[in-house]
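The block underneath contains the structure these notes are about, expressed in structure tokens.
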There are 2 protein chains.
Amino acid sequence: MSEAAERHRRLYEALRERICLLDYPPGMRLSEATLAAEFGTSRTPLRRVLARLEDEGLVRSLHGVGTLVTDVDLEEMWQVYDLRMELAQLVGRLSPAAVTPELLAQLSGLVERGAALARRPEARAFARLNMEFFAFGLALTANEALRDLSERLYFRTARIWLKSIPNLVLADEVDIFRRELAETEAALRAGDLEAAALIRRAHISMSVARMRG
Amino acid sequence: MSEAAERHRRLYEALRERICLLDYPPGMRLSEATLAAEFGTSRTPLRRVLARLEDEGLVRSLHGVGTLVTDVDLEEMWQVYDLRMELAQLVGRLSPAAVTPELLAQLSGLVERGAALARRPEARAFARLNMEFFAFGLALTANEALRDLSERLYFRTARIWLKSIPNLVLADEVDIFRRELAETEAALRAGDLEAAALIRRAHISMSVARMRG
DNA sequence: ACAAAACAAGATGTGCACAACTGAAAGGCG
DNA sequence: CGCCTTTCAGTTGTGCACATCTTGTTTTGT
């Protein structure tokens, strides 16, 4: 990968994470000049990154105003969740990947970190772990288009989950998440990818219900 | 919409159409300077458009070489078609729209143009009609994310259909397309959006089978 | 004659200066 | 005091010059 592409990916993932972890809350004004200075580039490559984030709906640039972090429209987000659920289930049906020992080992690592999180619950660490579990789920399908679309939708909705945490009981959420991890591990040990996908869908559905309630 | 955004959309749609109608065949080298001159802008806004096309996988920019129209990797495309079929079916289930008289009138227009196409079959006109029918299909769901994703995938695969036409019998394809239009019209007149979605999925599936065969 | 090196043309990537625009604060006036 | 106007600081958008890179050609040395 070229040096320019490398930098683009680095900036893109950094900004996306800051937005999705609410370091840059909805409505916040990002300054191209400031960000460019922070990352040690000029505005030009940075603008290339912001353009991508804008195409993906995470920011919106207004001439003369600034680049604003988009707000999450709840009604639209529930629709996105509807779609995410369907895509999650498709992971089990479209080009399912082989369940390798490496994959199981990776999942065991997540389970362990889930246990650590239960001992000392913390929203931000939870959000990160959640992201990693999502990335793990993507590895279960070889359908690249499905992975791309799922990722796109995930990062589009990731913020509202973190935003809902104050209204929920963090410890309960961690417990539920750990159960999902355990269930997923059981399904994968049995080599049943479709079951794992259904579990994922079920948990997304229940998570939405708790957030809406 | 701002003037800049308007121009962006205009350039984007123009280039996307040229790529998908094979005016710009895979492998063709686009010159930023030439395109900018044609559209009467400088390279800067044009590069913003090319960046978007690159993020969507339609072109690829190589430093020192040029901006190349991507080739369609068949194995990947069949995966995309798998996904398109699922999304097409979802249109009937996720936030189905109301079947309005305007919608039916629009479909009647397409049926009429299908009849005209049958009298004088022509690949390019067929491709355009196909695109419009696709756009019509999107109007059947109110789920904006589903529309976005479907559109993305459609334009990602549109080229291989046009590329396969020489291996198929154009008149037969037109007939099949007209049958799909008629079936869709029947389903919508009955107010059965899910049936219309299933018909769409079935025809995508059969179309892929003919292209692969 | 051939191979390797140097050159040239042309492409995208970058940085900078300026244009266009917005929102708020300051100032003037009834 | 209230309201309109003007000014101003700050932001994104644009155009241009140049850096960097690739490829094909030309030149040169053996």
Side-chain angles (χ1 to χ4, degrees), chain A residues 1-20 22-72, chain B residues 1-16 18-19 22-72:
Chain A
M1 186 181 281
S2 78
E3 191 178 343
E6 196 92 42
R7 174 178 57 185
H8 175 80
R9 195 171 55 89
R10 190 163 43 86
L11 295 191
Y12 168 73
E13 290 180 356
L15 292 183
R16 186 180 65 177
E17 176 166 311
R18 291 180 188 182
I19 292 171
C20 292
L22 299 185
D23 294 329
Y24 295 161
M28 178 172 177
R29 245 181 42 203
L30 308 180
S31 162
E32 295 181 353
T34 305
L35 284 176
E38 179 194 337
F39 288 104
T41 71
S42 77
R43 281 179 58 210
T44 308
L46 184 89
R47 279 175 61 76
R48 171 73 178 82
V49 174
L50 289 180
R52 180 171 171 192
L53 290 170
E54 182 167 17
D55 288 338
E56 294 177 357
L58 295 184
V59 303
R60 186 176 171 202
S61 287
L62 295 178
H63 192 181
V65 180
T67 301
L68 310 176
V69 176
T70 56
D71 204 349
V72 286
Chain B
M1 185 181 281
S2 78
E3 191 177 344
E6 197 92 41
R7 173 178 59 185
H8 175 79
R9 196 171 52 89
R10 190 163 42 86
L11 295 192
Y12 168 72
E13 290 179 357
L15 292 183
R16 188 181 64 178
R18 291 181 188 181
I19 292 171
L22 299 185
D23 295 328
Y24 295 161
M28 179 172 176
R29 249 182 37 205
L30 307 179
S31 161
E32 295 181 353
T34 306
L35 283 176
E38 178 194 338
F39 288 104
T41 72
S42 77
R43 282 178 56 209
T44 308
L46 184 89
R47 279 175 61 77
R48 171 72 178 82
V49 174
L50 289 179
R52 180 171 171 192
L53 290 170
E54 182 167 16
D55 288 338
E56 294 177 357
L58 295 185
V59 303
R60 185 174 173 205
S61 288
L62 295 179
H63 192 182
V65 180
T67 301
L68 310 176
V69 176
T70 56
D71 203 349
V72 286

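Sequence lines set the chain letters: A, B, ... in the order given, protein chains first and strands last, and positions in each chain run from 1. The basis for the numbers below is simple: all heavy atoms, side chains too, and nothing from hydrogens, waters or symmetry mates.
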Mind checking what makes side-chain hydrogen bond (donor to acceptor under 3.5 Å, both in side chains) contact with [X], not counting sequence neighbours?
X: B/Ser31; result: B/Thr34
X: B/Glu32; result: B/Arg43, B/Arg47
X: B/Arg48; result: A/Asp55

Query raised in the report: Is there side-chain contact between A/Leu50 and A/Leu15, with heavy atoms separated by less than 4.5 Å?
Result: yes
Which whole-number value in Å describes the distance from [X] [atom1] to [N] [atom2]?
X: B/Leu11; N: D/dT14; atom1: CG; atom2: P; result: 10 Å
X: B/His8; N: D/dT12; atom1: NE2; atom2: C1'; result: 15 Å
X: B/Leu30; N: C/dG13; atom1: CG; atom2: P; result: 13 Å
X: A/Met1; N: C/dG13; atom1: CE; atom2: C1'; result: 16 Å
X: A/Arg9; N: C/dG13; atom1: CZ; atom2: C1'; result: 19 Å
X: A/Arg48; N: C/dT12; atom1: CZ; atom2: P; result: 14 Å
X: B/Arg47; N: C/dG15; atom1: CZ; atom2: P; result: 12 Å
X: B/Glu3; N: D/dT12; atom1: CD; atom2: P; result: 20 Å

Query raised in the report: Does a nitrogen or oxygen in the side chain of A/Arg43 sit under 4.0 Å from OP1 or OP2 of D/dT12?
Result: no
Query raised in the report: How would you list, by chain and number, every residue that makes a side-chain contact (heavy atoms from CB on, under 4.5 Å) with A/Glu6, sequence neighbours excluded?
Result: A/Met1, A/Arg9
Report task. May I ask you to list the residues of residues 52-68 of chain B, by number, that have any heavy atom positioned under 4.0 Å from an atom of DNA chain C? Result -> B/Ser61, B/Leu62, B/His63, B/Gly64, B/Val65, B/Gly66, B/Thr67
Throw together a table of side-chain donor-acceptor distances under 3.5 angstrom for residues 60-67 of chain B, partners on residues two or more places apart or in other chains.
from    : atom 1 : to      : atom 2 : distance (Å)
B/Ser61 : OG     : B/Thr67 : OG1    : 3.1

Report task. With the side chain of B/Thr44 defined as its heavy atoms from C-beta on, choose the nearest nucleotide among C/dC16, D/dG13, D/dT14. Result -> D/dT14
